[in-house]
*Asks:* 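One structure follows; several queries about it will come next.
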Amino acid sequence: MQIIRGFRDILPENIKLWQKVEKEAKKLFKDFGFDEIRLPILEKTEVFARSIGEATDIVEKEMYTFPDRKGDKLTLRPEATASMVRAYVQHKMYASDPVRKFYTIGPMFRRERPQKGRYRQFYQIDAEIFGVAAPYVDANLIFLLNELFKRLGLSDLKAHINSLGCPECRPDFQKALLKLLESKKTELCADCLRRKDSNPLRTLDCKVPQCKEALKDAPTNLDFLCKECQDHFNIVKKTLKKQKVEFIEDKTLVRGLDYYTRTAFEIQTTSLGAQSAVAGGGRYDLLVKEMGGPDIPAIGFAIGFDRLVQVMETLNKSVDDQELDLFIIALGDSAIEEGYHWSTDLNLQGIRTEIDYRGKSLKSLMKRADKLCAKHVLIAGRKEIKENPLVLRNMNTREQISISSDNPVADIVEFLKKNN
Ligand code: HAM
């Protein structure tokens, strides 16, 4: 039997980088005041369709949607923001304090064409801040992302930032864009012709060379920002500069979800081919209200966990192999029986210990200790266990001691502590 196309097993030999990223991210979230929230993987389809936008690629063609037995239309979440807003509104979290910061980590599902860095089940590390309109939180989220990547040793990542305006200034921009699209009708691909009517902004993101050429001088949101949006964007940029976060002002950045207002950003890499965005996010000041809540601004980002790990792999970022503290070589049944209890006691004391139960020879068990990179071995001989001292050896220094088999755990712990 084979796994579904676009889905992946993340095997134990690859998990260490995932754990490292998760550990660093959780530490930063804690220090920056984010609480964890866990959300369901299935939601009613409308949760995503209404927020992400009916005319987006995600909602039009990428969602895993199906009726359940009663006919309710359900969707495997393609992203976390919509569920986050649904939960914030449903539980009236704003009532006690509208300012809330959440993060969540988990799988998302999009039925895209699989390729390197693009999967049908992928993982996101998602963070959202509700209730703050100030541009400082926009800068703060980009700063946080930058800091996380720095701590993970990644330096080739660049923040691209743009402003997508607000309902005040966006109509003027859209009018100008539509005018251009009408005049270039004969040069656009079939998809862009369709987008012209359903979601014109997405034409600016088209990868077809002919469209890129036709739209190279297209108007952008930045040309039309109202004073409030312009001031907001200026403070974001000024703050980032002051914090020494490098960024590129990228007026072609439009993002693939409809809910954004004002600041939008992506962290991009050159090491993953076409799938250059390792993280993306932005402000969505209208969404809480659109989803039935009060008028509360919000902003967030999601890191593509799979892509981030892939970037680390291409840069040969590895995590030191966790070595085995102790391998017990138990020769004979009574040594195996005692050894079982010693190893469990040691595990409980935080000492990574393994024992082999197969009754193999000393030589083959020494080989296994090497294979497992054991830092120490304990040899319990074949003769009557009570009469024989045990040998505890440091495999690096070759130093060894004899210990009594009466109650060896305390001696082992002491020796390992001294030798670590
Ligand atoms: P997004 O740009 O659609 O934004 O996804 C965020 C990140 O998820 C992308 O930059 C990418 O790294 C990763 N990603 C997306 N699709 C795939 C895929 N098929 N395979 C592997 N990785 C993928 C959002 O999802 C928004 N909810 C972000 C956000 C949070 N905006 C505000 N708050």
Side-chain angles (χ1 to χ4, degrees), residues 4-8 10 18 21 34 37 39 43 47-48 51-53 56-59 61-64 76-88 100-130 132 137-138 141-142 144-145 148-149 154 157-162 164 202 205 253-269 271-288 291 297-312:
I4 308 168
R5 190 165 127 80
F7 286 59
R8 299 195 301 158
I10 298 155
W18 290 76
V21 171
F34 288 76
I37 183 168
L39 302 161
E43 295 269 5
V47 170
F48 304 114
S51 56
I52 298 171
T56 56
D57 283 353
I58 297 177
V59 174
K61 45 191 186 197
E62 293 169 2
M63 295 203 307
Y64 284 94
L76 277 173
R77 63 178 182 193
E79 59 117 43
T81 311
S83 304
M84 201 82 102
V85 177
R86 197 257 319 127
Y88 180 77
R100 306 297 285 263
K101 299 181 184 185
F102 302 123
Y103 78 89
T104 196
I105 301 176
M108 311 292 152
F109 304 84
R110 296 184 194 175
R111 203 175 184 290
E112 297 187 79
R113 198 168 50 77
Q115 56 173 246
K116 186 175 177 199
R118 193 160 73 190
Y119 309 101
R120 289 179 171 178
Q121 176 176 331
F122 59 98
Y123 292 78
Q124 281 187 346
I125 301 173
D126 184 282
E128 314 286 348
I129 300 180
F130 292 96
V132 189
V137 295
D138 309 31
L141 280 182
I142 298 168
L144 196 158
L145 276 172
L148 175 64
F149 296 142
L154 304 175
L157 299 176
K158 271 265 151 56
H160 288 236
I161 67 170
N162 191 14
L164 302 179
R202 299 292 304 159
D205 205 23
L253 182 79
V254 291
R255 309 274 300 125
L257 306 96
D258 277 357
Y259 46 62
Y260 292 112
T261 48
R262 294 195 169 164
T263 315
F265 52 90
E266 270 180 13
I267 311 295
Q268 300 186 0
T269 171
S271 62
L272 283 182
Q275 302 314 315
S276 57
V278 175
R283 191 164 265 292
Y284 50 94
D285 288 344
L286 310 174
L287 189 58
V288 174
M291 289 186 74
I299 178 166
F301 66 69
I303 299 170
F305 205 156
D306 308 64
R307 286 189 197 169
L308 180 56
V309 168
Q310 255 165 342
V311 173
M312 294 173 76

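Counting starts at 1 for both ligands and their atoms, following the listed order.
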*Asks:* Is there a salt bridge (charged side-chain N to carboxylate O under 4.0 Å, His left out) between Glu128 and Lys101? Walk through the geometry before answering.
*Replies:* CA-CA 6 Å; Glu128 314 286 348; Lys101 299 181 184 185; over 6 Å; no

*Asks:* For the rings on Phe130 and Tyr88, is their centre-to-centre separation under 6.0 Å?
*Replies:*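 Ring-ring flag for Phe130/Tyr88: true, centres closer than 6.0 Å.
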
*Asks:* Within the structure provided, determine whether Val21 and Ile125 are in side-chain contact (heavy-atom separation under 4.5 Å).
*Replies:*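 Val21 reaches Ile125 side chain to side chain.
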
*Asks:* Please list, by chain and number, the protein residues whose heavy atoms come under 4.0 Å of ligand 1.
*Replies:*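 For ligand 1, the residues that come within the 4.0 Å heavy-atom cutoff are Glu79, Thr81, Arg110, Glu112, Gly117, Arg118, Tyr119, Phe122, Gln124, Asp126, Glu128, Arg255, Leu257, Tyr259, Tyr260, Ala277, Val278, Ala279, Gly280, Gly281, Gly282, Tyr284, Gly300, Phe301, Ala302, Gly304, Arg307.
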
*Asks:* A side-chain contact here means heavy atoms from C-beta on lying under 4.5 Å apart; do Glu79 and Leu257 qualify?
*Replies:*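 Result yes, sub-4.5 Å side-chain heavy-atom pair found.
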
*Asks:* Do you know which two heavy atoms are closest between Ala279 and Leu145, and how far apart they sit?
*Replies:*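 Distance-wise, the nearest heavy atoms are CB-CD2, 4.2 Å.
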
*Asks:* Is it true that Glu266 and Arg255 have a side-chain N and a carboxylate O under 4.0 angstrom from each other?
*Replies:*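 The answer is yes: the pair qualifies as a salt bridge.
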
